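Since this is a predicted model, take the numbers as computed values, not measurements.
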Amino acid sequence: MKVTEIVELYQDGNRNFAGIDLSGADLAEVTLVGVNLTGANLRGANLTRASLNKSDLSGALLNWANLTFTKLGEAKLVEADLMKAQVNGAVFVKSKLPGARLSGANLKGANFRGANLWGANLCGANLQDINLRGANLSGANLNWANLQGARLSGAMLYGALLNGVNLNSAFLNGVDLSGVELDGVNLSEAKLNGTNLEGANLIAADLTEALLRGVNLTGADLTGANLTRAYLEKANLKWARLSQADLTDADLKDAILTGANFDGAKLTGTILPGGNIEHRCLARRDTAV
């Protein structure tokens, strides 16, 4: 079916296009609000700036499609295939994408605020500057994804896979990341104020200049982590492992350090509770503040 025919049918009130084959079609700037495109074949289609708000694309094939600045607010894309798709700048506010396949897709600057991405596969996707505030990413595969500058405040990440993820300059304020595996992850300049990282694995993580005010790091493993110039005012570091960590010029004012292990940590210029500044590397330090 030709695009012109679909537009005419839509204008006549038809909303059911389930299973339609539009692979490679040019649907740029087309308006198809509230339509049924379940199981549709849209491989390689051009949907640039199209309006598909409140439409159902569950099970649709959108791999290699161009969804640049496409409007898909409150849409359904349950188990849709968007592998390698261009989704930069698209709007998916409050959309449902559980089980969707987005591995290798470019979602730079896209808006997924309040979207449901439960169990979605975002492995290796470009999520730079994406808006994921309040999104459900429980069980999502974010391995090796680029989340530089991403806004994740209020997002749910329970059970999410974060191996090798890039969270440089990301906004993670107030997020529950308790028990997550973030060893070796780039969190430099990230905003983690009030975040729950209790029991998290942050071995060798890069937290250079990260904002961690009031963060809960109880029992977290920060062995060998880089916390140079990190801001940890009022952070809870009870029983945290910081052996061999670099805390050069870090600010731990009013932090709770009960039972924390600083074996071999570098504390040059570190502001400790009480306002004291260290000027040396410690061979071992078990604090009880």
**Q** With rounding to the nearest 0.5 Å, note down the distance linking CG in L127 to CG in N146.
**A**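 Taking CG in L127 and CG in N146, the distance rounds to 7.5 Å.
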
**Q** Should F262 and L257 be marked as a side chain to side chain contact (heavy atoms under 4.5 Å, CB included) after you check the CA-CA gap, both sets of side-chain angles, and the distance that decides it?
**A** CA-CA 10 Å; F262 287 85; L257 305 178; 4.1 Å; yes

**Q** Only pairs at least two apart or in different chains count here, so list each side chain to side chain donor-acceptor pair (under 3.5 Å) that has a residue in residues 70-86.
**A**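 Checked against side chain to side chain donor-acceptor pair (under 3.5 Å) - neighbours excluded - the pairs reaching residues 70-86 are Q86-N106.
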
**Q** Side chains of T208 and N226: donor-acceptor distance under 3.5 Å anywhere?
**A**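 The criterion, which ignores hydrogens and geometry beyond distance, is satisfied for N226 and T208.
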
**Q** Find the distance between CG (L97) and CG (N121) and round it off to the nearest 0.5 Å.
**A**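 Answer rounded to 0.5 Å: 12.5 Å.
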
**Q** May I have the list of side-chain donor-acceptor pairs in residues 29-36 shorter than 3.5 Å, sequence neighbours left out?
**A**
from, atom 1, to, atom 2, distance (Å)
N36, OD1, T38, N, 3.1
N36, OD1, T38, OG1, 2.9
N36, ND2, N16, OD1, 3.1

**Q** Is Y231 close to L212 at the side-chain level, that is, under 4.5 Å between some pair of heavy atoms?
**A**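 No. Closest side-chain heavy atoms not under 4.5 Å.
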
**Q** Same cluster or not: are F92 and L27 linked, directly or through other Ile, Leu, Val, Met, Phe, Trp or Tyr residues, by side-chain heavy atoms under 4.5 angstrom apart?
**A**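 Hydrophobic grouping puts F92 with L27.
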
**Q** If you take all heavy atoms of P98 and K96, which pair is closest and at what distance?
**A**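 It is CD-C, 3.2 Å.
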
**Q** Quick one: pull up CG in D254 and CD1 in I271 and give me the separation to the nearest 0.5 Å.
**A**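 Those atoms lie 11.0 Å apart.
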
**Q** Between L137 and L152, does the side chain to side chain contact (heavy atoms under 4.5 Å, CB included) criterion hold? Intermediate values first, please.
**A** CA-CA 10 Å; L137 289 154; L152 287 146; 3.7 Å; yes

**Q** Find the distance between CD (E198) and CG (N216) and round it off to the nearest 0.5 Å.
**A**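 Nearest 0.5 Å value for the CD-CG distance: 5.0 Å.
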
**Q** According to a hydrophobic-cluster definition based on side-chain heavy atoms being under 4.5 Å apart (Ile, Leu, Val, Met, Phe, Trp, Tyr only), do V3 and I20 belong together?
**A**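 Linked within one cluster.
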
**Q** Ignoring hydrogens and geometry, is there a side-chain-to-backbone donor-acceptor pair from N163 to V165 under 3.5 Å?
**A**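 Between the backbone of V165 and the side chain of N163 there is no qualifying donor-acceptor contact (under 3.5 Å).
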
**Q** If you round to the nearest 0.5 Å, how far is CG of L207 from CG of L187?
**A**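 These two atoms lie 5.0 Å from each other.
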
**Q** With a 4.5 Å heavy-atom cut-off, do L202 and L217 have their side chains touching?
**A**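 Answer yes - side chains close enough.
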
**Q** Any sub-3.5 Å donor-acceptor pair from N141's side-chain atoms to L122's backbone N or O?
**A**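 It does not hold such a pair.
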
**Q** Report yes if some heavy atom in the side chain of L62 is under 4.5 Å from a heavy atom in the side chain of V87; otherwise report no.
**A**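 No; the side chains remain at least 4.5 Å from each other.
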
**Q** Treating Ile, Leu, Val, Met, Phe, Trp and Tyr as nodes and any side-chain heavy-atom pair under 4.5 angstrom as an edge, say whether L57 and I6 lie in one connected cluster.
**A**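 Yes, because L57 and I6 connect within a single hydrophobic cluster, where side-chain heavy atoms sit under 4.5 Å apart.
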
**Q** Would a 4.5 Å heavy-atom cut-off, applied to side chains only, mark F112 and L107 as touching?
**A**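 With C-beta onward as the side chain, the pair touches.
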
**Q** Indicate yes or no for a side-chain donor-acceptor contact from N88 to the backbone of A90 under 3.5 Å, with no hydrogens or angles considered.
**A**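 Side chain of N88 to backbone of A90, a donor-acceptor pair under 3.5 Å: no, none is there.
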
**Q** Side-chain contact test, heavy atoms from C-beta onward, threshold under 4.5 Å: evaluate it for L247 versus L232 and give yes or no.
**A**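 Side chain of L247 against side chain of L232, heavy atoms only: contact under 4.5 Å found.
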
**Q** Step by step, work out the side chain to side chain contact (heavy atoms under 4.5 Å, CB included) result for N166 and N186.
**A** CA-CA 5 Å; N166 178 15; N186 182 3; 3.3 Å; yes

**Q** Enter the distance from I203:CD1 to T223:OG1 here, rounded to the nearest 0.5 Å.
**A**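 If I round to the nearest 0.5 Å, the distance is 5.5 Å.
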
**Q** Restricting to pairs with a member in residues 163-188, which pass salt bridge (charged side-chain N to carboxylate O under 4.0 Å, His left out), not counting sequence neighbours?
**A**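 Every candidate salt bridge (charged side-chain N to carboxylate O under 4.0 Å, His left out) pair involving residues 163-188 fails, so no pair, neighbours aside, qualifies.
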
**Q** In the hydrophobic clustering that connects Ile, Leu, Val, Met, Phe, Trp and Tyr at side-chain heavy-atom distances below 4.5 Å, which members other than V91 occupy its cluster, ordered by chain and number?
**A**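 Traced through the cluster, V91 reaches V93.
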
**Q** So, S95 side chain and L72 main chain: donor-acceptor pair closer than 3.5 Å or not?
**A**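 Flag set: sc S95 to bb L72 pair under 3.5 Å.
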
**Q** Starting from L9, can I reach L47 by hopping between I/L/V/M/F/W/Y residues whose side chains sit under 4.5 Å apart?
**A**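 Yes, L47 connects to L9 through the hydrophobic network.
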
**Q** Check whether K191 reaches the backbone of E189 with its side chain - one donor and one acceptor, N or O, closer than 3.5 Å.
**A**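 At least one qualifying donor-acceptor pair exists.
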
**Q** Are there more than 12 heavy atoms of other residues, nucleotides or ligands under 6.0 Å from atom OH of Y10?
**A**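 Atom OH in Y10 is packed in, count exceeds 12.
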
**Q** Are any non-hydrogen side-chain atoms of L252 and T270 less than 4.5 angstrom apart?
**A**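 Yes, side chains in contact.
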
**Q** So which heavy atom on L242 is nearest to which on A260, and how close?
**A**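 Minimum heavy-atom separation between L242 and A260: CD1-CB, 4.5 Å.
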
**Q** Can you pull out every salt bridge (charged side-chain N to carboxylate O under 4.0 Å, His left out) where at least one residue sits in residues 230-247? Sequence neighbours excluded, please.
**A**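 Only R213-E233, D221-R241 qualify under salt bridge (charged side-chain N to carboxylate O under 4.0 Å, His left out).
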
**Q** Run the side chain to side chain contact (heavy atoms under 4.5 Å, CB included) check on I130 and L147 step by step: do they pass?
**A** CA-CA 7 Å; I130 193 171; L147 281 152; 4.1 Å; yes

**Q** Going by atom type alone, with no hydrogens or angles, which donor-acceptor pairs under 3.5 Å involve a side-chain atom of residues 167-175 and a protein atom two or more places apart or on another chain?
**A**
from, atom 1, to, atom 2, distance (Å)
N168, OD1, Q148, NE2, 2.9
N168, ND2, S188, O, 2.9
N168, ND2, S188, OG, 2.7
N173, OD1, N193, N, 3.0

**Q** Out of curiosity, does L157 fall in the hydrophobic cluster containing L161 (side-chain heavy atoms, cut-off under 4.5 Å, transitive links)?
**A**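 No.
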
